[in-house]
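In what follows, a structure is listed as structure tokens, so that the remarks can point back to it.
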There are 2 protein chains.
Amino acid sequence: MTKVIERAEVAPEYISIGEAAERSGLTQRTLRYYEELGLLKPPARVARGQRLYTAGDLERIAQVRRMKDLLGFTLGEIKSVVEAEEAKQQLRTGYKQERSIKRKLKQMHDAAEITERQLRLVEEKIVQMQAMKKELARDLSGFRERITQMEQDVQTQ
Amino acid sequence: MTKVIERAEVAPEYISIGEAAERSGLTQRTLRYYEELGLLKPPARVARGQRLYTAGDLERIAQVRRMKDLLGFTLGEIKSVVEAEEAKQQLRTGYKQERSIKRKLKQMHDAAEITERQLRLVEEKIVQMQAMKKELARDLSGFRERITQMEQDVQTQ
DNA sequence: TCTACCGTTGACGTAAACGTTAAGGGCTGA
DNA sequence: TCAGCCCTTAACGTTTACGTCAACGGTAGA
């Protein structure tokens, strides 16, 4: 039996765009498009140009998908969220480089503000959805009540 | 059949498309478009053909807007929701017309099923959003902790 | 009576978010 | 060596969700 050398054996932490697409439920075109728009950071590349995605990239992709499909964000909105997140990340890593405490504080405040806005947005959506849920639940129980009533009517008929 | 309002009938509870647009925050074009797509039921008309919206219509418009902007539904998805709701409404009003109890029961079951599916969809979205909220809240408290820490450092410096 | 304004339908235009196709190259198993 | 994949970029096509414009009519005020 010939030994099969999978690319995964060479670098198990990297996956191709085809696999990334399959696992994320997006198309290859969409992944490239998101990268082009700046929603995903350019992944590593193999010498001849093929993209190599990491588990972290997949995580990011999943996050973008959630924002789009579940929260209904436009790609533009997602981009601003992603940019804010990048700023946060930069803050974390750049924390030690920055000598001025005052500047550190300001950056921290900025990051907190951005996060707060996003949090409020999500909270607002949750409230609206719960109202919707309540209404639906009320409708449903009404139907069920009437169904059992009708079934009893049929039996006692 | 669309109700046609005679001129003498036109009462203050009816508003023009211009006002409906202004109050709902949509454009006239959008209102006509939604009507065309079947998201809004054709409003009453004045003899000349001008649309007359009621408070109920405005309510419906607001609901559509919430689904679109807050929940991120596409117009197609909204249409299916609206159709389901119309079916429910029809059940309620048509309840007395239907003579066959068995058919009534079936319709009830259908309506309950539709509502249940919508309910589950909303519940799922809520769960995902709460996860997102949690993550954001965690980030935020982290920032705040560090901010107060840094502010103390500045003071004791 | 004229002008300004609000409304109508219909047709065409447009931005966003991809899908699809073209044209090409690398790797691998038979 | 070559078919069968998977990959690349580039360009054009498509759908959704409206915007915009044209051509027209009623109504109210000067």
Side-chain angles (χ1 to χ4, degrees), chain A residues 1-11 14-40 42-53 57 61 64-82, chain B residues 2-10 14-40 42-53 57 61 64-82:
Chain A
M1 207 185 267
T2 13
K3 180 166 186 192
V4 178
I5 300 189
E6 303 280 3
R7 193 170 20 208
E9 273 185 70
V10 176
Y14 292 109
I15 64 173
S16 70
I17 192 173
E19 218 178 320
E22 202 171 328
R23 288 200 206 171
S24 65
L26 298 176
T27 66
Q28 301 182 14
R29 169 68 228 254
T30 301
L31 289 177
R32 295 193 194 101
Y33 182 55
Y34 285 1
E35 182 185 335
E36 189 184 325
L37 292 187
L39 304 188
L40 304 174
R45 300 268 190 150
V46 84
R48 64 181 166 284
Q50 297 185 9
R51 290 168 176 81
L52 293 176
Y53 293 87
D57 292 331
I61 292 167
V64 169
R65 249 206 107 181
R66 275 199 303 275
M67 286 197 263
K68 180 167 162 37
D69 293 346
L70 277 101
L71 307 185
F73 286 11
T74 68
L75 298 190
E77 289 171 329
I78 294 174
K79 189 179 180 185
S80 76
V81 170
V82 161
Chain B
T2 310
K3 184 173 184 189
V4 176
I5 306 292
E6 294 306 323
R7 202 180 166 338
E9 262 186 86
V10 177
Y14 289 106
I15 61 174
S16 69
I17 192 173
E19 218 179 319
E22 202 172 327
R23 289 201 205 170
S24 65
L26 299 176
T27 66
Q28 302 183 14
R29 171 67 228 254
T30 300
L31 290 177
R32 294 194 195 102
Y33 182 55
Y34 285 2
E35 182 184 334
E36 189 185 326
L37 291 187
L39 304 188
L40 305 175
R45 299 268 191 151
V46 83
R48 263 337 304 166
Q50 298 184 7
R51 290 167 178 82
L52 293 177
Y53 293 87
D57 292 331
I61 292 167
V64 169
R65 249 206 109 183
R66 275 198 304 277
M67 286 197 265
K68 181 167 160 37
D69 293 346
L70 277 102
L71 307 184
F73 285 11
T74 68
L75 298 190
E77 288 171 329
I78 294 174
K79 188 179 180 184
S80 76
V81 170
V82 161

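- Rounded to an integer number of Å, the gap from Glu77(A) CD to dA15(C) P is 19 Å.
- Between the NZ atom of Lys79(A) and the P atom of dA17(C) there is a distance of 12 Å, given to the nearest Å.
- The distance from atom CZ of Arg65(A) to atom C1' of dA17(C) is 14 Å, rounded to the nearest whole Å.
- Side-chain contact between Glu36(A) and Arg32(A): absent, with no pair of heavy atoms (C-beta onward) separated by less than 4.5 Å.
- Atom-to-atom, CD of Glu22(B) to P of dG7(C) comes out at 10 Å; the value is rounded to the nearest Å.
- Judged by distance alone with a 3.5 Å cut-off, no donor-acceptor contact links the side chain of Arg48(B) to the base of dG26(D).
- For the pair Pro43(B) and Asp57(B), the tightest heavy-atom approach, listed with the atom from each and the gap, is CB-OD2, 3.9 Å.
- For the pair Arg32(A) CZ and dA11(D) P, the interatomic distance rounds to 15 Å; values are reported in whole Å.
- Within 6.0 Å of the CD atom in Glu77(B), the count of heavy atoms belonging to other residues, nucleotides or ligands exceeds 12.
- The side chain of Arg45(A) contributes an N or O atom lying less than 4.0 Å from OP1 or OP2 of dT9(D).
- Applying the 4.0 Å criterion to OP1 and OP2 of dT9(D), one finds that Arg51(A) has a side-chain N or O inside that range.
- Side-chain N/O atoms of Gln28(A) include one lying less than 4.0 angstrom from OP1 or OP2 on dC7(D).
- Each of dT8(D), dG7(C), dC18(D) was ranked by its minimum atom distance to the side chain of Gln50(B); first place goes to dG7(C).
- Straight-line distance from the OH atom of Tyr33(B) to the C1' atom of dA11(C): 15 Å, rounded to whole Å.
- If you run side chain to side chain contact (heavy atoms under 4.5 Å, CB included) between Arg65(A) and each of Ile78(A), Leu26(A), Thr30(A), only Leu26(A) comes through.
- At least one side-chain nitrogen or oxygen of Thr27(A) sits closer than 4.0 Å to the OP1 or OP2 atom of dG19(C).
- Which of dG19(C), dA17(C), dC18(D) sits closest to the side chain of Arg29(A) comes down to dG19(C).
- Residue Thr30(B) places none of its side-chain N or O atoms closer than 4.0 Å to OP1 or OP2 of dA17(D).
- The separation between Asp69(A) atom CG and dA17(C) atom P is 12 Å, rounded to whole Å.
- A donor-acceptor pair is defined here as one N or O able to donate and one able to accept, closer than 3.5 Å; no such pair exists between the side chain of Glu19(A) and the backbone of Ser16(A).
- One finds a side-chain N or O of Tyr34(A) lying less than 4.0 angstrom from the OP1 or OP2 phosphate oxygen of dC18(C).
- If you check dA17(C), dC7(D), dA17(D) against the side chain of Ser16(A), the one that comes closest is dC7(D).
- Residue Leu37(B) is classed as having no contact, given no heavy-atom separation below 4.0 Å to the nucleic acid.
- Distance, Leu31(B) CG to dC6(C) C1': 15 Å, rounded to whole Å.
- Residues Ile17(A) and Thr74(B) each lie close to DNA chain D; by heavy-atom proximity, the contact nearer the 5' end of the strand is made by Ile17(A).
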